[in-house]
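Letters A, B, ... are given to chains in the order of the sequence lines, protein chains preceding strands, and every chain is numbered from 1.
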There are 2 protein chains.
Amino acid sequence: MQFDDKVPIYYQIKNHIYHEMMTGQLAAGAKLPAVRQLAVDLTVNVNTVQRALGEMIQEGTIESQRGKGNFVTTDTTRIAQLKEQLVVEQLERVYQQLHALNLSDDEIITSLKQYIEQRGQQHD
Amino acid sequence: MQFDDKVPIYYQIKNHIYHEMMTGQLAAGAKLPAVRQLAVDLTVNVNTVQRALGEMIQEGTIESQRGKGNFVTTDTTRIAQLKEQLVVEQLERVYQQLHALNLSDDEIITSLKQYIEQRGQQHD
DNA sequence: TATAGTGTAATAGTAGAATAGAACACTAGG
DNA sequence: CCTAGTGTTCTATTCTACTATTACACTATA
């Protein structure tokens, strides 16, 4: 896996797993790959995986069963809340950053629209 | 100054200075505060300031004059390009992140609009 | 020419992230 | 009961960001 060295790997692993949860690759109640397998897949150490999972267990995002494995919570409401929270965090950050670059509210929206339009022409 | 411990301080200092350049607090050709003063203002070590400035000097964003000080480049085209680049970087990142959370192009734009609208009602 | 203000560089030490490796605890199935 | 698969924990080590401190190089000016 590709990592941005500007941000801790364990943090990026959390986002990676969130991604799979939100896209349905990891449905509610699903069993995650074994920590040692995850470590291999992500080309990362087991302890780093464990650190990421540890935080997600604290959050209630996943549930750990010793000897069995780690499982996505079956609480779909919890997952929906999590998604909303993650989206808002992203929006807050980009808004703050673009505002700091002196873009007005309208300019922020417009520039995003333009970016997506141009992107649509070139890719996908 | 407030720092996010998920990203290197020297990196956040660069953004801080970019911010002041884009908002005109640091106009083209303007002299930056002395590195030791910046260190005090940002409650950070001189070497950390120097690391941030060093990268900006490499970029051509600021110019260093030994014994005199550091100055914002007078090349306004360069500054405009930099701003465009920084904006696009932010857009790319938020697009990728929200896309990873399974939001469609339209949902991304809509959610940003909603966020800004709600924000406008509560703040400022 | 002396001094204060500036950028630059080097050293040494601290803390946190990440790694490697081993050991321990629990579960399921033969 | 044994074994394989699982999560959990611990120690030691490496690397990088950051800090603290000092010294050096250059500029302007009194």
Side-chain angles (χ1 to χ4, degrees), chain A residues 1-18 20-21 25-74, chain B residues 1-18 20-21 25-74:
Chain A
M1 179 172 167
Q2 280 280 74
F3 291 109
D4 176 0
D5 64 358
K6 290 288 186 308
V7 60
I9 294 178
Y10 76 90
Y11 202 79
Q12 299 180 58
I13 292 176
K14 284 176 68 177
N15 279 324
H16 176 73
I17 297 175
Y18 287 148
E20 299 200 319
M21 287 175 57
Q25 296 169 55
L26 279 178
K31 180 177 183 300
L32 274 71
V35 288
R36 289 173 182 79
Q37 185 59 45
L38 272 176
V40 172
D41 295 348
L42 304 173
T43 60
V44 141
N45 190 273
V46 178
N47 295 317
T48 309
V49 172
Q50 195 66 18
R51 172 152 188 188
L53 297 189
E55 292 196 359
M56 299 181 79
I57 291 167
Q58 289 297 321
E59 290 172 357
T61 305
I62 63 178
E63 292 162 8
S64 172
Q65 296 186 31
R66 197 187 193 103
K68 289 184 176 177
N70 292 304
F71 302 82
V72 176
T73 179
T74 53
Chain B
M1 179 173 167
Q2 279 280 72
F3 291 108
D4 176 359
D5 64 0
K6 289 289 186 309
V7 60
I9 293 178
Y10 76 92
Y11 203 77
Q12 299 181 57
I13 292 175
K14 284 176 67 176
N15 280 324
H16 176 73
I17 297 175
Y18 287 147
E20 299 198 320
M21 287 175 57
Q25 297 169 55
L26 279 178
K31 181 176 183 300
L32 275 70
V35 288
R36 290 174 181 78
Q37 185 59 45
L38 272 176
V40 171
D41 294 348
L42 304 174
T43 58
V44 143
N45 190 270
V46 178
N47 295 319
T48 308
V49 172
Q50 194 66 18
R51 174 154 186 186
L53 297 188
E55 291 196 0
M56 298 181 79
I57 291 168
Q58 288 298 320
E59 292 172 355
T61 305
I62 64 179
E63 291 163 8
S64 171
Q65 295 186 31
R66 197 187 192 100
K68 290 186 176 176
N70 292 305
F71 301 82
V72 177
T73 179
T74 54

For a quick check, tell me whether the side chain of B:D5 and the base of D:dC18 share a donor-acceptor pair closer than 3.5 Å.
no
D:dA17 OP1/OP2 closer than 4.0 Å to side-chain N/O of B:R51:
yes
What is the distance, to the nearest angstrom, from the CD atom on A:Q50 to the P atom on D:dC10?
12 Å
Rounding to an integer number of Å, can you tell me how far A:I57 CD1 sits from D:dT6 P?
16 Å
So which heavy atom on A:Q12 is nearest to which on A:M1, and how close?
O-CE, 4.2 Å
Whether A:K68 contacts C:dA28 is assessed here as follows: a side-chain N or O lying under 4.0 Å from the phosphate OP1 or OP2. Is that the case?
yes
I need the CG-P distance between B:L53 and C:dG7, as an integer number of Å.
8 Å
Side chains of B:N70 and B:I57: closer than 4.5 Å at any heavy-atom pair?
yes
When the distance from CD1 of B:I9 to P of C:dA17 is rounded to whole Å, what number comes out?
13 Å
Could you check whether any side-chain heavy atom of B:T61 comes within less than 4.5 Å of a side-chain heavy atom of B:M21, counting everything from C-beta outward?
yes
Does a distance-only test, which skips hydrogens and angles, find a donor-acceptor pair under 3.5 Å between the side chain of B:R36 and the base of C:dG7?
yes
Does A:N45 make a side-chain donor-acceptor contact with the base of C:dG21, cut-off 3.5 Å?
no
Please tell me which of the listed nucleotides, D:dT19, D:dT8, C:dG21, lies nearest to the side chain of A:N70?
D:dT8
DNA chain C nearest-nucleotide lookup for A:Y10 and A:G67: closer to the 5′ end is A:Y10
Rounded to whole Å, CG of A:N47 lies from P of C:dA22 at a distance of 13 Å
Rounded at 0.5 Å granularity, tell me how far CD in A:Q65 sits from NZ in A:K31.
10.0 Å
For the pair made of CD in B:E63 and C1' in C:dG7, what is the distance, rounded to whole Å?
15 Å
Under 4.0 angstrom between B:T48 side-chain N/O and D:dA17 OP1 or OP2:
no
How many Å lie between NZ on B:K14 and C1' on D:dA17, as a whole number?
15 Å
Side-chain atoms of B:K31 come closest, of D:dT19, D:dA17, C:dT6, to C:dT6
In whole angstroms, the gap separating C1' of C:dA17 from CG of B:D4 amounts to 15 Å
Is there side-chain contact between B:V44 and B:Y10, with heavy atoms separated by less than 4.5 Å?
no
Just compare D:dC18, C:dG7, C:dT8 and give me whichever is closest to any side-chain atom of B:P8.
D:dC18
Between A:Q12 and B:V46, which residue's closest nucleotide on DNA chain C lies nearer the 5′ terminus?
B:V46
